[in-house]
4 protein chains.
Amino acid sequence: MSASSVRHYCGLFGIFGHPNAAFLAHLGLYAQQHRGQESAGIVTSDGVRLRRHAEMGLVNDVFKPGVLDKINAPSAIGHVRYSTSGASCAGNAQPLLFEFAGGQVSLGHNGTLTNAAALRAEFEARGHIFQTTSDSEIIIHLLAAPEHVEHERPLASVLERIEGAFSLVMLHNDRLVAVRDPMGFRPLCIGRMDNGAIVVASETCALDQIEAQYMRDVAPGEILTVDAAGMRSERFGPVDPPRGGACIFEHVYFADPSSNIFGENVHTARKAMGKALAREAFVDADLVIPIPNCARCAAIGYAKQSGIPLGRGFTTSHYAGRSFILPDQDQRDLAVRMKLNVIKDAVRGRRLVVVEDSVVRGTTTRGKISALWKAGAKEIHLRVASPPLRHPCYYGIDFPDPRKLVARDRTVEQIREYLGVDSLHYLSAEAMLECVKLPPNTYCTACFTGDYPTEVLVPLEKLALDPEAKED
Amino acid sequence: MSASSVRHYCGLFGIFGHPNAAFLAHLGLYAQQHRGQESAGIVTSDGVRLRRHAEMGLVNDVFKPGVLDKINAPSAIGHVRYSTSGASCAGNAQPLLFEFAGGQVSLGHNGTLTNAAALRAEFEARGHIFQTTSDSEIIIHLLAAPEHVEHERPLASVLERIEGAFSLVMLHNDRLVAVRDPMGFRPLCIGRMDNGAIVVASETCALDQIEAQYMRDVAPGEILTVDAAGMRSERFGPVDPPRGGACIFEHVYFADPSSNIFGENVHTARKAMGKALAREAFVDADLVIPIPNCARCAAIGYAKQSGIPLGRGFTTSHYAGRSFILPDQDQRDLAVRMKLNVIKDAVRGRRLVVVEDSVVRGTTTRGKISALWKAGAKEIHLRVASPPLRHPCYYGIDFPDPRKLVARDRTVEQIREYLGVDSLHYLSAEAMLECVKLPPNTYCTACFTGDYPTEVLVPLEKLALDPEAKED
Amino acid sequence: MSASSVRHYCGLFGIFGHPNAAFLAHLGLYAQQHRGQESAGIVTSDGVRLRRHAEMGLVNDVFKPGVLDKINAPSAIGHVRYSTSGASCAGNAQPLLFEFAGGQVSLGHNGTLTNAAALRAEFEARGHIFQTTSDSEIIIHLLAAPEHVEHERPLASVLERIEGAFSLVMLHNDRLVAVRDPMGFRPLCIGRMDNGAIVVASETCALDQIEAQYMRDVAPGEILTVDAAGMRSERFGPVDPPRGGACIFEHVYFADPSSNIFGENVHTARKAMGKALAREAFVDADLVIPIPNCARCAAIGYAKQSGIPLGRGFTTSHYAGRSFILPDQDQRDLAVRMKLNVIKDAVRGRRLVVVEDSVVRGTTTRGKISALWKAGAKEIHLRVASPPLRHPCYYGIDFPDPRKLVARDRTVEQIREYLGVDSLHYLSAEAMLECVKLPPNTYCTACFTGDYPTEVLVPLEKLALDPEAKED
Amino acid sequence: MSASSVRHYCGLFGIFGHPNAAFLAHLGLYAQQHRGQESAGIVTSDGVRLRRHAEMGLVNDVFKPGVLDKINAPSAIGHVRYSTSGASCAGNAQPLLFEFAGGQVSLGHNGTLTNAAALRAEFEARGHIFQTTSDSEIIIHLLAAPEHVEHERPLASVLERIEGAFSLVMLHNDRLVAVRDPMGFRPLCIGRMDNGAIVVASETCALDQIEAQYMRDVAPGEILTVDAAGMRSERFGPVDPPRGGACIFEHVYFADPSSNIFGENVHTARKAMGKALAREAFVDADLVIPIPNCARCAAIGYAKQSGIPLGRGFTTSHYAGRSFILPDQDQRDLAVRMKLNVIKDAVRGRRLVVVEDSVVRGTTTRGKISALWKAGAKEIHLRVASPPLRHPCYYGIDFPDPRKLVARDRTVEQIREYLGVDSLHYLSAEAMLECVKLPPNTYCTACFTGDYPTEVLVPLEKLALDPEAKED
């Protein structure tokens with residue numbers, strides 16, 4: 001597998017100037033655990049040396065009692081990652097930590113570089129060796145290259161060589177750096193603690209967790225540097241980019257409803273999508289039921305707009321944790337069933353509007369629909385608060401092989417048949433974009449529309465691979 | 001600490017006649033994990049010998065890969081337990097396993113025996129030794145006593161000597177036994193698998209988990225025996241008990257909304273309580289917000305009855321797992337904050353009806369209310385879908401020291417002040433009882449009303465102890 | 001499996017009156033780890049309550065950092081156990097802890113009770129229930145029986161009902177008790193710390209480990225009680241027993257060479273056996289090689305007496321720990337090979353006298369001999385510093401099924417052929433007994449001679465069972 | 001800390017062409033566990049991709065059941081490491097694994113490069129980034145450099161740029177490479193399995209473990225390549241180096257006695273040193289006692305030459321494993337005491353010759369001597385089978401800060417006083433060199449004599465650092 005095939009969700013955190021920086025990084029990552037459950041890592045600096053602890057696993061498992069004490073220091077960056085690719089291994093856990101002519105540097109990256117493979121080939125030809133299969137590592141190679149070390153604006157000149165989606169947190173012995181790519185694909189915000197410590201995080205829910213005050217977002221094309229002298233900003237990239245790339249899927253599914261991203265609240269945006277859905281596709285029914293837990297915001301909007309009462313069709317286990325094995329039974333079915341119990345009495349004999357945020361493969365949704373039918377539902381109308389998902393993401397969200405997307409080669413009617421519902425409606429892309437505040441061309445909607453904001457060289461293996469991917 | 005001070009929630013499971021009995025017991029316990037997160041155990045029988053695996057921890061941690069393979073056999077019982085007392089230790093994990101003149105026997109118990117201390121003293125005087133501090137062990141001592149071994153109806157005669165709340169699953173080498181006390185304090189239901197295997201469980205959600213069909217509840221005062229010859233029933237205790245003891249708190253808080261207990265669905269009962277609450281204490285507001293996740297059913301009812309839209313005020317972490325430590329910070333506050341993020345945009349400037357299922361100490365509710373105020377709520381009206389909780393439970397639910405109950409020595413107005421809300425209303429006991437199907441005197445409402453269905457000798461230590469208890 | 005089929009080696013420790021009693025118990029058990037590697041446990045008393053930690057595993061694995069802090073108290077008893085039977089499980093780990101009319105009591109037992117099965121049947125008939133499959137538990141049942149509780153000399157009257165081998169340490173909330181059976185099968189010694197704390201242990205090497213001064217052995221038929229008032233002794237059993245049962249196999253193989261047991265040093269006794277062996281069966285050779293590590297003492301004696309230089313034929317791994325699996329290969333062979341490397345250059349072309357302490361099954365010895373031949377030995381003369389092992393032990397050492405003993409049905413010449421050596425000699429029982437200080441009838445030599453010092457009812461299952469047993 | 005301050009012992013293993021390569025690598029590392037207990041790792045190749053598993057810990061803990069199954073493939077290299085420096089961390093565990101223009105490559109290194117710091121600075125200036133603090137990583141950077149990639153003899157040209165001690169095993173997807181530096185500091189041997197698989201290992205004991213036949217040593221200055229076409233050799237470095245660097249300390253202390261290194265058996269060499277010691281410094285005494293376990297070979301030689309009987313003064317624990325903590329006590333003392341029990345009866349009243357292989361700091365030896373005095377020794381004459389250790393090693397053995405060496409600034413008489421013995425003699429360097437087969441200038445004796453076989457630029461931090469180091 002080449003580096004470019006590793007795509008993932010990620011959550012970032014950084015803090016400069018707090019005696020408990022490692023502990024706060026832990027909390028900040030924990031609040032963003034939904035952005036990545038595969039590995040977690042923290043790198044700290046005591047002003048002289050960087051220390052790292054990163055492992056495969058959930059935040060609270062990676063940072064067991066005692067671990068943080070050993071690395072605590074006044075500044076820290078952290079990273080959580082979710083990767084569906086086969087390259088899941090401790091070696092790829094971020095933040096990465098390297099040593100070069102400029103000293104030690106650590107990097108956490110959210111997004112995907114679209115020219116990583118080309119740059120990697122170039123640097124391998126120059127004799128560089130690579131430790132990880134991650135596309136992120138090339139950023140450090142660029143940074144260490146003599147032409148950049150001696151550049152007037154070293155980091156800016158590095159960042160102008162890379163393409164794609166990149167929100168970054170970087171830690172040097174004496175400073176914290178936060179970066180967002182010029183198109184602003186991934187969110188990254190800035191906060192301040194009562195003691196003056198500066199915090200950066202992918203989502204504002206991490207600021208809330210540690211009671212930091214939100215200041216502003218890192219702007220697209222901004223390099224924010226925090227050191228003993230305070231904060232300062234620098235610009236890189238095109239002065240007036242014709243359009244932006246803010247990931248609409250963050251609003252649709254990925255970010256926490258309590259977070260503000262791209263200048264507005266996720267819950268509010270999601271609720272508006274639910275309302276728009278009810279306007280586009282009202283159906284008379286007894287009950288609106290969200291697929292837990294992601295679709296609850298959209299369901300609230302749908303219920304409000306339609307006047308149909310909001311109900312509860314499922315209870316969810318809070319104790320999922322480690323999965324396990326029943327001999328001679330289909331694992332995927334079991335995993336679905338273990339996480340959800342249908343409230344039969346709420347469903348039996350009712351006409352249901354089931355609200356989903358999005359549908360990827362369709363297998364899980366189909367399982368839930370089937371469970372509702374078994375429980376005695378009279379009618380099931382599926383309403384999806386986003387358009388059909390038909391295209392791969394090259395900017396950091398790891399959908400499965402496009403051929404596995406249920407909407408890839410099916411009409412809506414065919415999907416309806418496949419899922420086994422009485423009616424099905426997807427929110428239109430136009431309506432979706434009306435539910436968020438920024439101008440439409442600020443957003444990337446490529447996974448829904450195929451309209452990629454950058455030129456993309458589709459890596460061949462992307463099309464051929466079939467990783468076990470995000471369940472819908 | 002004497003045996004009688006150990007009180008707890010518990011979940012039971014039993015299965016007879018399935019090649020994967022241990023695996024199904026695992027699933028059945030997992031589905032009932034909300035009934036006990038402290039220890040989990042399974043005992044199996046291959047027809048000759050019983051084997052046991054039980055440890056402190058969550059179901060999926062106790063039954064790691066490979067463990068079930070070692071003990072799998074055609075019949076099994078299982079137990080999850082939540083104990084807040086200091087006697088939490090592996091030795092007390094159930095099912096208990098003993099050997100006596102009648103061979104091996106294993107026991108899982110949900111409830112509390114009110115005459116356990118007296119019986120234990122009697123048997124210690126007879127020379128018996130006790131392994132655990134659990135009140136459950138006395139049942140096996142009774143069973144082993146020569147007067148019962150030689151009794152015509154040995155188990156019935158044992159059960160007629162014990163008082164209090166007891167749903168039991170017992171496993172002998174050749175049979176499974178399920179018992180409910182004559183007042184029916186705790187739920188226990190019977191189901192059947194496709195292959196004919198008989199299953200018993202505290203809640204029907206465990207039957208759903210393994211796709212067993214619900215048959216009926218074990219009746220109060222019934223001994224159900226399942227062996228190679230099939231099922232048979234036996235009665236014990238008073239023929240026509242003047243009243244019942246079905247725990248109303250199971251409906252209010254404890255059972256899973258998808259389960260049916262005491263003949264009706266929990267979600268339906270809870271929603272009815274929310275409606276009744278709106279009838280008793282309507283207040284004009286912008287949004288109904290449930291405290292996640294327990295109060296969501298009642299909030300649905302409140303919203304429907306009041307016509308005020310149902311909203312979402314919090315997001316919840318699904319990755320709690322292991323807790324951890326931030327130096328120099330209040331742990332309890334942190335634990336609360338880590339589990340909930342307020343959706344500020346949903347709350348800011350709004351008049352809120354916050355729906356809770358019940359309030360125990362009040363500290364957690366107070367913390368959540370405070371978070372809503374910080375997020376900019378304009379008004380907060382707290383509605384609790386059950387009466388003030390003022391009395392200890394002697395039948396198996398481990399509330400904290402009564403003096404710690406927020407309602408113990410406070411008027412509703414004083415509680416309102418303490419919690420810091422604009423208005424506060426608790427559902428009346430009468431209305432609560434109208435929301436469930438069986439006649440009022442079928443239920444035990446003692447924790448709310450002080451009306452205990454049995455004579456209770458209050459153990460002194462109960463009044464003096466201050467265990468770290470269930471958070472409200 | 002009935003209780004009487006559980007036989008094992010064990011190590012005991014007890015301490016009364018030291019602020020770090022749990023930590024010293026840990027050290028004392030660690031020093032006696034050779035007496036049992038299967039489980040380890042410590043029970044402490046703070047004067048009011050007893051607390052227990054016991055698990056399967058090595059001492060240093062069971063008592064991980066933090067565990068001892070939680071149970072430390074001024075008095076403690078500890079136990080290590082090696083059981084080869086199938087009943088290895090956490091429930092059987094000692095010390096056992098029970099509660100009865102007399103309060104809490106904890107017990108650690110080294111030895112085997114020959115009338116345990118009969119007593120257990122008697123008590124089961126009285127209605128008692130048993131938690132473990134261990135024969136030790138009956139002692140507590142006896143202690144709790146009303147006839148003993150009210151007896152003038154309760155413990156003595158209990159001890160007079162049990163038969164067989166038993167060195168005991170017992171802990172009550174306010175006192176430590178140490179007992180040795182009237183025939184003195186197993187060792188048990190008394191020491192004193194600088195602060196006055198009294199210590200008991202199976203072997204003096206535990207006293208050395210914690211820098212306690214050896215005082216004397218617990219005498220056969222003595223009950224030693226240590227409490228706040230000091231030490232006092234009591235006698236039980238026959239006044240002048242006709243003979244003793246001091247286990248000669250402790251000297252031959254089991255005890256640590258640095259320990260003194262039964263009044264003399266183990267190394268000295270073992271060296272004397274080696275000398276006697278050289279007197280009985282000198283053979284001209286180039287090198288005396290011990291089988292590491294147990295036979296090194298005897299080899300020193302053989303070399304000294306014979307004048308043949310002592311050499312080294314094997315190196316041993318110090319990192320055995322966890323075992324592991326090579327696919328498609330014989331596990332037993334591998335386990336043997338992994339623990340020993342032959343020093344080929346020391347062996348090649350040499351005439352060797354290989355000294356063994358004892359031979360049980362013969363398979364391991366045979367493997368070692370085979371490795372020496374492969375390495376180029378010219379002659380191999382095996383000398384065993386004890387007689388042929390032909391009879392089961394009913395007093396606490398768990399040899400395998402007698403039919404698996406290499407000497408059971410073979411003449412010495414047949415054994416020589418089986419092991420593949422040029423000559424073979426076993427030390428005679430008479431010579432062995434001349435190498436120790438006490439009169440011959442003080443010792444039990446039953447495993448070698450079949451001369452059992454007590455009447456033994458051979459449990460049928462002993463003859464039928466084939467447990468995986470001590471490797472020779 | 002700079003890269004050059006990481007020095008360590010190490011053990012290497014490599015195998016090409018066996019279906020169970022990963023399992024055999026595990027065995028081969030296990031047999032060499034004495035060469036490094038800090039980390040263990042294996043990298044395998046299935047012909048296309050390399051997979052790696054490496055962690056801190058002992059071989060059998062790192063390779064738990066199931067781990068090897070996941071990475072098994074037909075070729076493998078492995079590495080065990082002991083590092084006393086602060087840079088102990090998972091990131092430094094070997095074999096290292098990188099990707100560069102030539103594909104994937106993995107490296108295991110035993111030794112220390114004396115020009116690593118200079119090379120690292122050169123490559124950092126060229127823009128290279130470093131993942132580890134290990135000096136070994138520079139080898140891969142050299143290999144990846146365009147000037148070497150395109151070189152006619154790429155690896156040879158790389159190896160000619162590095163200086164110091166290096167035995168290497170390298171794995172590419174299609175081949176195994178083994179290298180020894182031109183002076184042959186560290187051992188490396190070649191063997192063959194019955195199926196034709198080629199094996200390389202630091203010591204022959206690893207070949208014995210897996211029943212491979214020893215073929216020959218990798219020659220100083222040899223590059224051995226094994227691939228599907230078989231074995232082939234290549235030379236690099238000076239044609240006729242004026243002298244060699246075979247580490248005499250491998251014979252004195254480090255290698256396993258059963259191994260052959262540098263053309264002869266370690267036990268034989270060590271025994272010869274013991275004999276020479278007796279010739280140089282005979283003293284009349286009752287008993288020769290080795291410090292276990294390393295000095296046993298030398299003690300055998302001393303006893304044979306002197307005619308004084310060889311005895312046993314200590315017993316050793318086989319269960320050391322995890323260390324632990326006694327509050328309020330000196331940890332170092334405790335650690336020493338826990339590993340050794342003195343056999344008092346063997347020592348009391350005797351005149352002892354205590355044989356040690358070497359003395360580093362002197363603290364541990366002093367503790368053992370003190371224990372012998374406490375046990376009642378009459379005289380103690382210490383004989384050390386190597387010269388005073390006074391100089392740092394720059395070739396891969398991590399002695400402590402030279403100022404901590406007991407012999408650094410003391411005369412032998414002063415050391416005698418410090419250790420508290422009646423007499424003390426160190427084997428002379430001349431005699432030591434007579435005990436091994438190769439010509440004296442083949443060996444490096446720098447740690448004893450200060451005569452370094454290469455020009456050494458002493459890194460300043462080496463003189464300043466005070467790592468917790470190898471105990472003597």
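In what follows, chains are A, B, ... by sequence order, proteins preceding strands, each numbered from 1.
Residues of residues 160-168 of chain D placed with any heavy atom under 4.5 Å of a heavy atom in chain A are absent; none qualify.
Residues that satisfy the salt bridge (charged side-chain N to carboxylate O under 4.0 Å, His left out) test with A:D46, not counting sequence neighbours, are absent from this structure. With sequence neighbours left out, A:D174 forms a salt bridge (charged side-chain N to carboxylate O under 4.0 Å, His left out) with no residue at all.
For residues 137-149 of chain D, the pairs satisfying salt bridge (Lys or Arg N to Asp or Glu O under 4.0 Å) are D:R126-D:E147, with sequence neighbours left out.
D:P146 and A:A125 get closest at one heavy-atom pair: CG-O, 3.2 Å. Considering all non-hydrogen atoms of both residues, D:H128 and A:F100 come closest at O-CB, 3.7 Å.
Note: D:F98 CZ to A:Q131 CD = 6.5 Å, rounded to the nearest 0.5 Å. Residue A:R49 holds its CZ atom at 7.5 Å from OG1 of D:T133, rounded to the nearest 0.5 Å. In this structure, CZ on A:F123 lies 9.5 Å from CD1 on D:I129, to the nearest 0.5 angstrom.
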